[in-house]
Each structure stands twice: as structure tokens, then as C-alpha cells.
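The structure appears right after this line, and notes come after that.
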Amino acid sequence: MNLLKYNKLQFISRYQFCSTNIHFSDNIYAIASGNVKAGVSIIRISGSNCLQAGQMLVQNAQQRQLIKGMNNSQVQDYLNLKNRYAHFKKLYSLIDPTVSPQNQSFQKQDLIYQQIDQGIFMYFQGPKSYTGEDIVEMHIHGSRALQKKVLLELSQLNNFRLADPGEFTKRAMINNKLDLLEVEGLADLLNSETESQRVQSTQQFLGKSSQILEDWRFQLIRALAHAEAFIDFESDQDDVEFNILGKTQENVQQVIKDINEQLSDRNRGEILRDGMKISIIGKPNAGKSTLLNCLAKKDIAIVSEIPGTTRDALSVSLNISGFPILLYDTAGIRQTKDVIEEKGVNKALQHARESDLNIWIIDIDDVIKQADGSYIVQDIKEISEILESNQNTLIFINKIDKVNSQKEITDITIRDKKFKIDGQISAQHNQNINSLLDKLTKKINERLDITDGIMSSGTISIITQTRHRLELQKCLEHLEIFSRNKQNLPVDIVCEELRQAVNCIGRITGRVDVEEVLDVLFSEFCIGK
Ligand SMILES: Nc1nc2c(ncn2[C@@H]2O[C@H](COP(=O)(O)OP(=O)(O)OP(=O)(O)O)[C@@H](O)[C@H]2O)c(=O)[nH]1
Ligand SMILES: [Mg+2]
């Protein structure tokens, strides 16, 4: 028997999604455009009865009489509700004010049809719709009272209920319209606040990351098919392609190389998603809190001339040149006997060590000119240690408004070691802050390995959450055991490693074992999405 035939027919199908649509028994509706006052509001309904509901809402009393006895498709023709067309329609109430809401039903014939609005009506026949089910969308006026009224109308219908948060997307995922990674990308896109977050989440939502993962998964499934075929046909030597396992190793090695490349991305995807952590550090009274307020353009941190004012670290989210930043103000670093201040200092040092980037602020009064023309700063052991260990620290001299003529300071010496100065500023008087922002942007680009402005297509980060990183690390471990097979274990035993590796990738895109991820993810979506 031909091995390739074996792998195609009997193997790959085991790892594919089932493509049939799932029909949910109930219909869901929600305001898709958010529960806010706006020019236009979109009400979305999904489910097998949504067209009927839409039809009822656009019929006046006279039409109602005329279509009595017609079947569904005749009604649809009569009302001219074409699939995937925008129709301008009048919207009528279904509710008979003389009957209590509990007694109203879908079949009720004697309703009083008051016009409640007019707008755009669209019908998307499943499976070619967002959820894969039939969908009706009504673009009505964005009044809060009108939104409530239409939701109340829909609530009268049997088998119709308000959608849970993210439920439209959940149905889309169950019906294979989106995979888990794309859904996470969509959630990130909805939450995105900066350009880089928008770019990253869009590429994930549009399936670019999924494509790469699917390609790896396919390579591994092929390798597994070959390896399994080898096991099945081992006894029949004539049928076995001699170097079948060698070929398998080639595929696996390529995937190992690609995964390693992604894992060594210095957390770029996670940083772009969650924000880059930048800490302002320095001695007490240097002007750290003043700088935070200046960059945030509001008074967030307390500023005072008393050294040791900031005790606990506080942060603000900023958008710097399209990058999401979490900027931390920290306690001034010094030796202190005050127990609480000491805790603050330790926290500041911890922030400095863990940050993706630091800005060290030096008060110009602490810069001393030496006889040889060089400048020194009185040493703080801890800060110089951080400067030596963390290359991602920018050094700025503050309070330059205090001196009449600005000194040309290019570097300073701390403990006989020279450090380059990145600039001189006045945080209080907003002097040279744009140049500080330029330097910061350059450093952020360097940190994220971005050389050509906002992320280019060559800089796709598949890993945007810890969950993805952990699964890829596990996948790599399994692949390495498989490919090394130092103990020369039987092929069927090492194949299990390959199978586990396939599952790790499957968990990222949501093909296997993702219930708990789904629960958390969809609870964080808004209603109507
Ligand atoms: N002249 C001048 N004064 C400044 C400047 N920046 C800050 N100051 C003043 O320096 C003092 C200390 O400022 P803070 O921002 O509270 O300093 P800090 O580094 O946060 O101090 P701690 O919280 O004690 O560590 C305040 O009186 C500020 O008004 C500046 O650019 N020029
Ligand atoms: Mg402070």
C-alpha cells in the first residue's frame, strides 16, 4: 500500500475540525453598537427564527392582513427582504398595549402596529454570516429609549433572549467562523488604544498568526502520519520508504527552528498587548513625580520639595508614539532608617530591575564639575548597579531652568565609570520634553526590534499572551524529545511526543481542550459582540 495514500485517507481527517454548522435552539439579540446615545444604533439578532422576527417588525397592520396564510418564503418575497441587501424599512411595534407582556406570543395575530422608527434592515442568511446562523441587523436611531423599546419588543417573542457577553462571537467560533486565536485578536482589537495594539490585534484577528500555527501543525501531522505509517508497515519491508523517518525529522527540525525564533522575541507581542513597563527612577527630590505628571499631562502624583514624598510606586497608562506604555513613578532611592520609606525604596529598585525600560532622573544640583572638566554624580550604589545591569536605561538631567547657561554635559562619571547622558530637561517647565519623547520612542523601537516604524509584516508576533508562550514552550519540549530520542525508544513511544506537540499548537488555536480559556475570554467581551 502507498504510504501517502495511507496518510491522506486515514490520518489527517482525524485532526480536522468538523465543518457542519451547529443550530442553537434559541435566538439571541443585543445592541451591537453599545448601550450609548448615538446617531445610529445597531440591533443584531442571531438564530433560526430571526428573519421571522424581522419580518414581523417591518409589517404594518394592512400588510399583516395581506400576508395571512402565506408561507415564510412567500412573506420574505412579499416584504422584499433579500439576503445581504440593505433595505430602508419602517419598524412597527409588536406589542398590544391592551394585553399584558406575559401573554404576548410569536403567533399573536391581533397586535396593534404602531410605527416606532425607520431605518436600515439587513438579513444575512446562514452559514454566510458572522455567527454562521441567520442574522438580522437593524440600524435604528441611537436613542436610549428607542433601543430599550426594540429590545422589549424582541423579548416578547418565544425563544428569544438577550445575548450574553461575547455570545455572537462564541457562536461564530463554535461554527468555525473564527478560531480561538482570532477571537482573542478580536477582543484585543476592541480593547486596543494605540496604533501598535491595533496593528498587532488586527493581524491576529485576520488569521495571520493562525495561518503560521496551522502550517506548523500541518507539518507535524504529516511527520506523525509518516511515523505512524512506518510503525504500521515496519514488518512489510518492501513497502516502507527507506528514509521515511529521516524526512520526518527534517519537517520537525524546521518547526523547532521556527518556534525557537518566535520564543526568542523578547516578549514583544505581550509588551505590545499589555503595555511596555517604563519606570522613572532616581534620588529623592530629583523631579520624578513632576516628570510623570508632565508626560501624563495631568496631576497624578504628589509633588513637593520634601525629599521622600513618593512612597509607593504609582503608574499611568500612556500612548507614546503609538505604543502602549505603563509609566511608573517610584520612591526616591536613598539609604533611610524610615521603615515605610525603606519599603518604598525596595519596591522602586524592584521596578527598576523588572522594567522593560528605565528613565533615570538626576537633579542638576547633584552634578559636580571636576577640575579636569568632567562631571560626576554622587554615587548611589543601587542605582549604579542597575545602570550597569540594565542596558535599557535613559539618563536625563532635570531642573535645567535653574542654571543660567546650559552646561554641555555629554557624560557623567559614577564610581569611575562613564555613562552617556541622553538629555537635559526641565520637567516643571516642559523644556526639552519632546526630545525626551524622541529618545524614548527610539529606545522603545530598539527594545521591540522594530526598525521600520510601526510593525511591518515581517514582525508578526504570534505570542501575545502568556498562554501562547507556555503552549509553544511545551510543544518545543515534546518535539525535542521526539527528535533527540537519545534512549532509542520504539517509534510508537516517541510518536506520542509528536502527538502532544500537535495538541499544544491545537490548544493555541482552540482545536483542543480550551473550555476554561473560553469561559474567561467570553466573559470579558461586551454584550452585542
Ligand atoms: N526648578 C525646577 N524644579 C523642579 C523641576 N522638577 C521638579 N522640581 C521641583 O523639585 C521638587 C521635587 O519634585 P518631585 O517631582 O516631587 O520630586 P521626586 O523625584 O518625585 O521626589 P520624591 O518623591 O521625594 O522622590 C518639587 O519642589 C518640584 O517642584 C524642574 O524641572 N525645575
Ligand atoms: Mg515623587
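We number each residue from 1, following the sequence as shown. Just follow the structure's listing: the first ligand is 1, and inside any ligand the first atom is 1.
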Which residue holds the protein heavy atom closest to atom 17 (O) of ligand 1, what is that atom called, and what is the gap in Å?
Gly287 N, 3.2 Å
Below 4.0 Å from ligand 1: does a non-hydrogen atom of Gly282 turn up there or not?
no
Cation-pi check, Arg44 to Tyr130: give yes when NZ or CZ is under 6.0 Å from the six-membered ring centre and within 45° of the ring axis, no otherwise.
yes
For Met138, the option from Ile120, Val150, Asp117, Ile42 that meets side chain to side chain contact (heavy atoms under 4.5 Å, CB included):
Val150
So, is Ala427 polar-close to ligand 1, with some N/O to N/O distance under 3.5 Å?
yes
When you check the gap from the basic side-chain N to the acidic O, do Glu167 and Arg161 get nearer than 4.0 Å?
yes
Are Ser201 and Ser192 close enough that a side-chain donor and a side-chain acceptor fall under 3.5 Å?
no
Does Asp401 approach ligand 1 within less than 4.0 angstrom via side chain, backbone, both or neither, non-hydrogen atoms only?
side chain
In terms of residue, atom name and distance, what is the protein heavy atom nearest to atom 28 (C) of ligand 1?
Val303 CG1, 3.7 Å
Does some non-hydrogen atom of Ile306 fall short of 4.0 Å from ligand 1?
yes
Within ligand 1, which atoms have a heavy atom of Pro307 less than 4.0 Å away?
24 (O)
Could you go through Ser461 and Arg268, starting from their C-alpha distance and side-chain angles, then the distance that decides it, and tell me whether this counts as side-chain hydrogen bond (donor to acceptor under 3.5 Å, both in side chains)?
CA-CA 7 Å; Ser461 293; Arg268 184 179 57 200; 3.1 Å; yes
State the atoms of ligand 1, each with its element, that fall below the 4.0 Å cut-off from a heavy-atom position in Asn398.
5 (C), 6 (N), 31 (O)
Under a 4.0 Å N-O cut-off, is there an ion pair linking Lys149 with Glu153?
yes
shortest atom 20 (O) of ligand 1-to-protein heavy-atom contact is with Ser289 OG, 2.8 Å
Find all atoms of ligand 1 within a distance of less than 4.0 Å from any non-hydrogen atom belonging to Thr290, and give their numbers and elements.
6 (N), 7 (C), 13 (O), 14 (P), 15 (O), 28 (C)
Under the criterion salt bridge (Lys or Arg N to Asp or Glu O under 4.0 Å), I'd like the reasoning laid out for Glu477 against Lys474: C-alpha separation, chi angles, the key distance, then a yes or no.
CA-CA 5 Å; Glu477 282 165 23; Lys474 265 191 263 164; over 6 Å; no
Which residue in the set Ile359, Asn358, Asp363 passes side chain to side chain contact (heavy atoms under 4.5 Å, CB included) when paired with Ile361?
Ile359
Under 2.8 Å from the Mg ion (ligand 2), how many protein N/O/S atoms do you get? Just the number, please.
2
Considering only heavy atoms, which of Glu341, His429, Lys288, Arg334 lies nearest to atom 18 (P) of ligand 1?
Lys288
Tell me the salt bridge (Lys or Arg N to Asp or Glu O under 4.0 Å) pairs involving residues 310-322, sequence neighbours left out?
Arg311-Asp338, Asp312-Lys347
Considering only heavy atoms from C-beta outward, does the side chain of Glu261 approach that of Lys257 to under 4.5 Å?
yes
Are there over 12 heavy-atom neighbours, none belonging to Ile368, within less than 6.0 Å of that residue's CD1?
yes
Does Gly308 reach ligand 1 with a nitrogen or oxygen that is under 3.5 Å from one of the ligand's nitrogen or oxygen atoms?
yes
Side chains of Glu354 and Gln350: is there a donor and an acceptor less than 3.5 Å apart?
yes
What I want to know is whether Gly332 and ligand 1 share at least one N or O pair that is separated by under 3.5 angstrom.
yes
Are Arg273 and Glu270 close enough for a salt bridge, meaning some N to O gap below 4.0 Å?
no
At under 4.0 Å between heavy atoms, which part of Ser304 makes contact with ligand 1: side chain, backbone, both or neither?
backbone
Hey, does Asn285 come in under 3.5 Å of ligand 1, counting only N/O atoms on both sides?
yes
Ile302 N/O to ligand 1 N/O under 3.5 Å
no
For ligand 1, the portion of Lys402 having any non-hydrogen atom under 4.0 Å away:
side chain
Below 4.0 angstrom, N of the basic side chain to O of the carboxylate: do Asp265 and Arg469 qualify?
yes
Just need the protein heavy atom nearest to atom 8 (N) of ligand 1, so name the residue and atom and give the distance.
Lys399 CE, 3.7 Å
Could you tell me whether Ala286 and ligand 1 have an N or O pair separated by under 3.5 Å?
yes
Do Ser289 and Asp329 pass the side-chain hydrogen bond (donor to acceptor under 3.5 Å, both in side chains) test, and can you show the C-alpha distance, the side-chain angles, and the key distance before you say yes or no?
CA-CA 6 Å; Ser289 303; Asp329 179 23; 2.6 Å; yes
Closest heavy-atom pair, Ile400 versus Ser426, reported as atoms and distance to 0.1 Å, is CG1-N, 3.8 Å
Ligand-side contact atoms (ligand 1) for residue partner Ser426, heavy atom cut-off under 4.0 Å
30 (C), 31 (O), 32 (N)
What protein heavy atom lies closest to atom 3 (N) of ligand 1? Include the residue and the distance to one decimal.
Gln428 OE1, 3.1 Å
